[in-house]
Chemist: 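This structure is in structure tokens; I'll ask about it shortly.
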Amino acid sequence: MSRFEAKKPSVCESDPLKSERVRATLPVLKGIVTSCYGPSGRLKHLHNNVGGHVCTTSQSSALLGRLSVTHPVLKILTTSMQNLVSCFSDCGLFMTILCCNLIENGQALDLAPTTVIESNKLLLRLCTTYLKSEVCGCRIPVDFSSTQILLCLVRSILTSKPACMLTRKEVDHISALVLRAFLLTIPEKAEDSIILGKSIIVPLKGQRVLDSTVLPGMLIEMPEVQLLRTSAITSSSALKVALFCVSLSGDVSDTGEGTLAVSYGVCLERAVLDQLLDLGRQLVRDHVGLVMCQKVIHPSLKQFLSRHHVIAIDRLGVALMEPLSKMTGSQPIGSLGSVSLSSYGSVKDLCSATFGSKHFFHLIPNEVTVSSLLLCSRSDAAWEELKLTCQTALHVLQLTVKDPFVFLGGGCTETHLAAYIRHKTLHEPGSVLKGDGCSQTELQLTAEAFCRALESLAGSLEHDGGEILTDRKYGHCWSAQSHSPAAVNWPDLLSRCGCGSLSSQEQLSWSCLKSSYHPSMPPACLPQEAAYSSSDLTLDCFTAKLNGLQVAVETANLILDLAYVIEDTN
């Protein structure tokens, strides 16, 4: 007889933010993500004690996806970050660090949590209204007639991930390739609503990064033997394409669900093979020149198609089905029965290509909306990090087409925004409060905590003990080398601001972020010519950062509002 244990009662914990578990682990989590932030962020080496995959990274998705977080409060934070990255691919570390800062600073205030939460909502509304406005001084419109801003955006993403192990020359090369791969996915005949294509990242490990390249269409890796076998029938003219998502292996288990009735004396395997050959005859009658299958094609069907000069490619995998369908215009066929003529697509050409030790079929479409980024790297770990980073850059470019703006990077948006909030809450508190249930004193206290959280985020970019400053005109972020003398002429030590748009020789004055003095005048808007004058700007994705700010504040408010945590320990 089975033995049963009595069900344990749920554990109820009041004021979870004051518990020792959270007070001990939240700073540790913040320290881990903060140390990864920015181009000089420290890498993390993740592995378990029983072997398995080892990951070296500073990316939030790879980092927090592999960390074992057990406390419900921390799970709220990490889940919010993972949801943000799944939607926008970028700003995971930004959101996590800012959320931790807001929680810590909110707890340190001698105010009721509800007051802090309401003030944070007001300040978030103030921030989003300003960041979306035409007068925003840390937002730059993207001019699609030039590639300068887009290249700077891609380059900023690549340089923020040191585990890619790229030199400056390699960063420039990959940035240009990523942008070209993206531009190839934009239809030539753009209508009111543009449907972007897809860029496929093809691995080629063990080669130089500078050997990476971009090709229009799609590369499908093939064994050399298969390439040689089909080279005799490869045509240089347009090919009609049939794309199958059902198995053509002849295996009875692949015929689908339900009851299969077989007459006495019938050989099931032979009957299925006859059906496959009938399908092959139809494909030949319909003048199909290329048959592609997500799964396996039976050797007899392959041989039949080859005799009739039809190229057969199988084992494509599910990941390639959507881009292949989009590129060829074919509808995936999910049946072994009669095939509709409307299911066929076409390609302009098919040829073979060799890169390094790998061999490929190169499918060239009639209209290029799919591109292949052949990505090379010296090691597996660096390639995995580079692949994730290039995927992020491609997604960010898609988001930028939808919202054609970028934010200044290098901490300049955070310090500029903090200067703006201080000015508004000090000199125009009525425009922020608008009759909400929060006093002017409470608003200024929470605004200072909010600004400190933003400035601390900007300061997280410095990992070598340097001094972080902000100028009193534009509110940009500046970094000075460590061990600077106490009495110093800042223009002699400073070069350019964090985003690269301002020079220290522009008659500016500075104050340290850690000091108690901060300018209360409204930060000046950066002249448009200054934003475009530098070809080496550090930029952030507009959509990802704006949503990261919103998610950080909303998640911090949710955690600050927790009164009890109830855990089922069964």
Chemist: For residues P16 and S19, report the shortest heavy-atom separation together with the two atoms involved.
Modeler: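 That closest heavy-atom pairing would be O-OG, 2.7 Å.
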
Chemist: Test S61 against Q82 for side chain to side chain donor-acceptor pair (under 3.5 Å), laying out the working first.
Modeler: CA-CA 6 Å; S61 56; Q82 289 168 329; over 6 Å; no

Chemist: Without placing hydrogens or testing angles, list every side-chain donor-acceptor pair under 3.5 Å for residues 22-33, not counting sequence neighbours.
Modeler:
{"from": "T25", "atom 1": "OG1", "to": "R21", "atom 2": "O", "distance (Å)": "2.6"}
{"from": "K30", "atom 1": "NZ", "to": "N101", "atom 2": "OD1", "distance (Å)": "2.9"}
{"from": "K30", "atom 1": "NZ", "to": "E104", "atom 2": "OE1", "distance (Å)": "3.0"}

Chemist: Only distances under 3.5 Å count here; give the side-chain donor-acceptor pairs of residues 158-167 to other protein atoms, sequence neighbours excluded, each with its distance to 0.1 Å.
Modeler:
{"from": "T159", "atom 1": "OG1", "to": "R155", "atom 2": "O", "distance (Å)": "3.0"}
{"from": "T159", "atom 1": "OG1", "to": "S156", "atom 2": "O", "distance (Å)": "3.2"}
{"from": "S160", "atom 1": "OG", "to": "I157", "atom 2": "O", "distance (Å)": "2.7"}
{"from": "T167", "atom 1": "OG1", "to": "E170", "atom 2": "N", "distance (Å)": "3.2"}
{"from": "T167", "atom 1": "OG1", "to": "E170", "atom 2": "OE1", "distance (Å)": "3.4"}

Chemist: So among L102, L98, L93, which one has a side-chain contact (heavy atoms from CB on, under 4.5 Å) with L457?
Modeler: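 In the set L102, L98, L93, the residue that makes a side-chain contact (heavy atoms from CB on, under 4.5 Å) with L457 is L98.
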
Chemist: What residues, two or more places apart in sequence or in another chain, satisfy side chain to side chain donor-acceptor pair (under 3.5 Å) together with D561?
Modeler: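 Per chain and number, D561 pairs via side chain to side chain donor-acceptor pair (under 3.5 Å) with no residue.
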
Chemist: Scan for side-chain hydrogen bond (donor to acceptor under 3.5 Å, both in side chains) pairs involving residues 407-417, sequence neighbours excluded, and state none if there are none.
Modeler: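 Output for this query lists Y130-H416, E414-K545.
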
Chemist: Going by the rule salt bridge (Lys or Arg N to Asp or Glu O under 4.0 Å), which residues pair with K121 if we only count those two or more places apart in sequence or in a different chain?
Modeler: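 Salt bridge (Lys or Arg N to Asp or Glu O under 4.0 Å) check on K121 returns E118.
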
Chemist: How long is the straight-line distance from CH2 of W383 back to SG of C390, given to the nearest 0.5 Å?
Modeler: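 Answer rounded to 0.5 Å: 9.5 Å.
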
Chemist: Please enumerate all residues that pass side-chain contact (heavy atoms from CB on, under 4.5 Å) together with S68, with sequence neighbours excluded.
Modeler: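 So S68 forms a side-chain contact (heavy atoms from CB on, under 4.5 Å) with T70.
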
Chemist: Has the side chain of T555 got a donor or acceptor atom that lies under 3.5 Å from a matching backbone atom of V551?
Modeler: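 Present.
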
Chemist: When you compare the side chain of L131 with that of C138, does any pair of heavy atoms fall below 4.5 Å?
Modeler: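 The answer is yes, as the side chains (C-beta and beyond) meet within the 4.5 Å cut-off.
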
Chemist: Is the shortest heavy-atom distance from the side chain of L394 to the side chain of V178 under 4.5 Å?
Modeler: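 Result yes, sub-4.5 Å side-chain heavy-atom pair found.
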
Chemist: Do S212 and I174 come within less than 4.5 Å of each other through their side chains, counting heavy atoms only?
Modeler: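 They are in side-chain contact.
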
Chemist: For the residue pair Y474 and H476, does the interplanar ring angle fall in the parallel (under 30°), tilted (30 to 60°) or perpendicular (over 60°) class?
Modeler: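 Rings of Y474 and H476: perpendicular, as their planes differ by over 60°.
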
Chemist: Which heavy atom of E442 sits nearest to which heavy atom of L111, and what is that distance?
Modeler: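 Smallest interatomic distance, heavy atoms only, reads CG-CD2, 4.0 Å.
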
Chemist: Does a side-chain N-to-carboxylate-O contact under 4.0 Å join R208 and D211?
Modeler: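 D211 and R208: salt-bridged.
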
Chemist: Decide side chain to side chain contact (heavy atoms under 4.5 Å, CB included) for F144 and I149; before the verdict, give the C-alpha distance in whole Å, the side-chain angles of both, and the deciding distance to 0.1 Å.
Modeler: CA-CA 9 Å; F144 288 102; I149 293 294; over 6 Å; no

Chemist: Could you report the tightest heavy-atom contact between C438 and L122, atom names first, then the distance?
Modeler: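 Looks like CB-CD1, 4.4 Å.
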
Chemist: Roughly how far apart are I201 CD1 and S372 OG, rounded to 0.5 Å?
Modeler: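 I201 CD1 to S372 OG: 10.5 Å, rounded to 0.5 Å.
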
Chemist: Is K205 paired with E384 through a side-chain N to carboxylate O contact shorter than 4.0 Å?
Modeler: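 Salt bridge: yes.
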
Chemist: With heavy-atom distances below 4.5 Å as the criterion, would you say the side chains of S509 and D471 are in contact?
Modeler: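 No, every pair of side-chain atoms sits at 4.5 Å or beyond.
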
Chemist: Are more than 12 heavy atoms, taken from residues, nucleotides or ligands other than L67, located less than 6.0 Å from that residue's CG atom?
Modeler: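 Yes, the 6.0 Å shell around CG holds more than 12 heavy atoms from other groups.
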
Chemist: Is L443 close to S439 at the side-chain level, that is, under 4.5 Å between some pair of heavy atoms?
Modeler: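 S439 vs L443: side chains apart.
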
Chemist: So among V154, L153, L539, which one has a side-chain contact (heavy atoms from CB on, under 4.5 Å) with V396?
Modeler: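 Only one option passes, and that is L153.
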
Chemist: Nearest heavy-atom pair of D540 and G409: which atoms, and what distance?
Modeler: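 In this case the closest contact between D540 and G409 is OD2-CA, 3.4 Å.
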
Chemist: What's the shortest heavy-atom distance between D143 and S145, and which atoms?
Modeler: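 Reported closest heavy-atom pair: OD1-OG, 2.6 Å.
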
Chemist: Among all residues two or more places apart in sequence or in another chain, which pass the side chain to side chain donor-acceptor pair (under 3.5 Å) test with T129?
Modeler: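 T129: no side chain to side chain donor-acceptor pair (under 3.5 Å) contacts found.
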
Chemist: At what distance, to the nearest 0.5 angstrom, does OG of S80 lie from CG of L558?
Modeler: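 One gets 7.0 Å once the value is rounded to the nearest 0.5 Å.
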
Chemist: Partners of L204 by side-chain contact (heavy atoms from CB on, under 4.5 Å), sequence neighbours excluded?
Modeler: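 With sequence neighbours excluded, L204 shows a side-chain contact (heavy atoms from CB on, under 4.5 Å) to Q207, F355, K358, L374, C376, given in chain and number order.
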
Chemist: Is there a side chain to side chain contact (heavy atoms under 4.5 Å, CB included) between L63 and L46? Walk through the geometry before answering.
Modeler: CA-CA 8 Å; L63 182 67; L46 301 165; 4.0 Å; yes

Chemist: Is there a side chain to side chain contact (heavy atoms under 4.5 Å, CB included) between I421 and F450? Walk through the geometry before answering.
Modeler: CA-CA 9 Å; I421 293 170; F450 197 99; 3.8 Å; yes

Chemist: Around atom CD of E428, are there more than 12 heavy atoms of other residues, nucleotides or ligands at under 6.0 Å?
Modeler: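 Count over threshold, so yes.
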
Chemist: So L469 and L494, do their side chains get closer than 4.5 Å, heavy atoms only?
Modeler: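 Yes, close enough: below the 4.5 Å cut-off.
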
Chemist: Would you check, one step at a time, whether the test side chain to side chain contact (heavy atoms under 4.5 Å, CB included) holds for K75 with H71?
Modeler: CA-CA 6 Å; K75 276 191 172 182; H71 196 280; over 6 Å; no

Chemist: Taking atom SG of C127 and atom CZ of R125, what is their separation to the nearest 0.5 Å?
Modeler: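 With rounding to 0.5 Å, SG (C127) is 11.5 Å from CZ (R125).
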
Chemist: Hey, is the main chain of L150 close enough, under 3.5 Å, to the side chain of T147 for a donor-acceptor pair?
Modeler: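 Absent.
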
Chemist: If the condition is side chain to side chain donor-acceptor pair (under 3.5 Å), which residues does S35 pass it with, not counting sequence neighbours?
Modeler: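 If we apply the side chain to side chain donor-acceptor pair (under 3.5 Å) test to S35, skipping adjacent residues, the hits are K44.
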
Chemist: For a quick test of reading the model, state the closest non-hydrogen atom pair linking L177 to T213 and the distance between them.
Modeler: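 Shortest heavy-atom contact: CD1-N, 3.7 Å.
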
Chemist: Which pairs with one or both residues in residues 393-409 pass side-chain hydrogen bond (donor to acceptor under 3.5 Å, both in side chains), sequence neighbours excluded?
Modeler: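 Non-adjacent pairs meeting side-chain hydrogen bond (donor to acceptor under 3.5 Å, both in side chains): S89-H395, D403-T543.
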
Chemist: State whether a side-chain donor-acceptor pair under 3.5 Å links Q444 with T425.
Modeler: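 On atom types as modelled, these side chains do not qualify, holding no pair under 3.5 Å.
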
Chemist: Is the closest side-chain heavy-atom distance between T96 and S60 below 4.5 Å?
Modeler: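 No. Closest side-chain heavy atoms not under 4.5 Å.
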
Chemist: Keeping H463 on the side-chain end and Y37 on the backbone end, is there a donor-acceptor pair under 3.5 Å?
Modeler: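 Present.
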
Chemist: To the nearest 0.5 Å, tell me how far T34 OG1 sits from I97 CD1.
Modeler: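 The CD1 atom of I97 is 4.0 Å from OG1 of T34, to the nearest 0.5 Å.
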
Chemist: In Å and rounded to the nearest 0.5 Å, what is the NE2 to CZ distance from H427 to R422?
Modeler: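 Those atoms lie 12.0 Å apart.
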
Chemist: So, does R180 use its side chain to make a donor-acceptor pair with the main chain of V214 at under 3.5 Å?
Modeler: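 Yes: the side chain of R180 pairs with the backbone of V214.
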
Chemist: For S371, enumerate each residue passing the side chain to side chain donor-acceptor pair (under 3.5 Å) test, keeping only those at least two apart in sequence or located in another chain.
Modeler: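 Once residues adjacent in sequence are excluded, the partners of S371 under the side chain to side chain donor-acceptor pair (under 3.5 Å) criterion are S199.
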
Chemist: Evaluate the side-chain proximity of S58 to E385: yes if any heavy-atom separation is below 4.5 Å, no if none is.
Modeler: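 Side-chain contact under 4.5 Å: yes.
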
Chemist: Please determine if R139 forms a cation-pi arrangement with F407, meaning its NZ or CZ atom is less than 6.0 Å from the six-membered ring centre and no more than 45° off the ring axis.
Modeler: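 No.
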
Chemist: According to side-chain contact (heavy atoms from CB on, under 4.5 Å), who are the partners of T79, at least two apart in sequence or on a separate chain?
Modeler: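 T79: side-chain contact (heavy atoms from CB on, under 4.5 Å) contacts with N83.
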
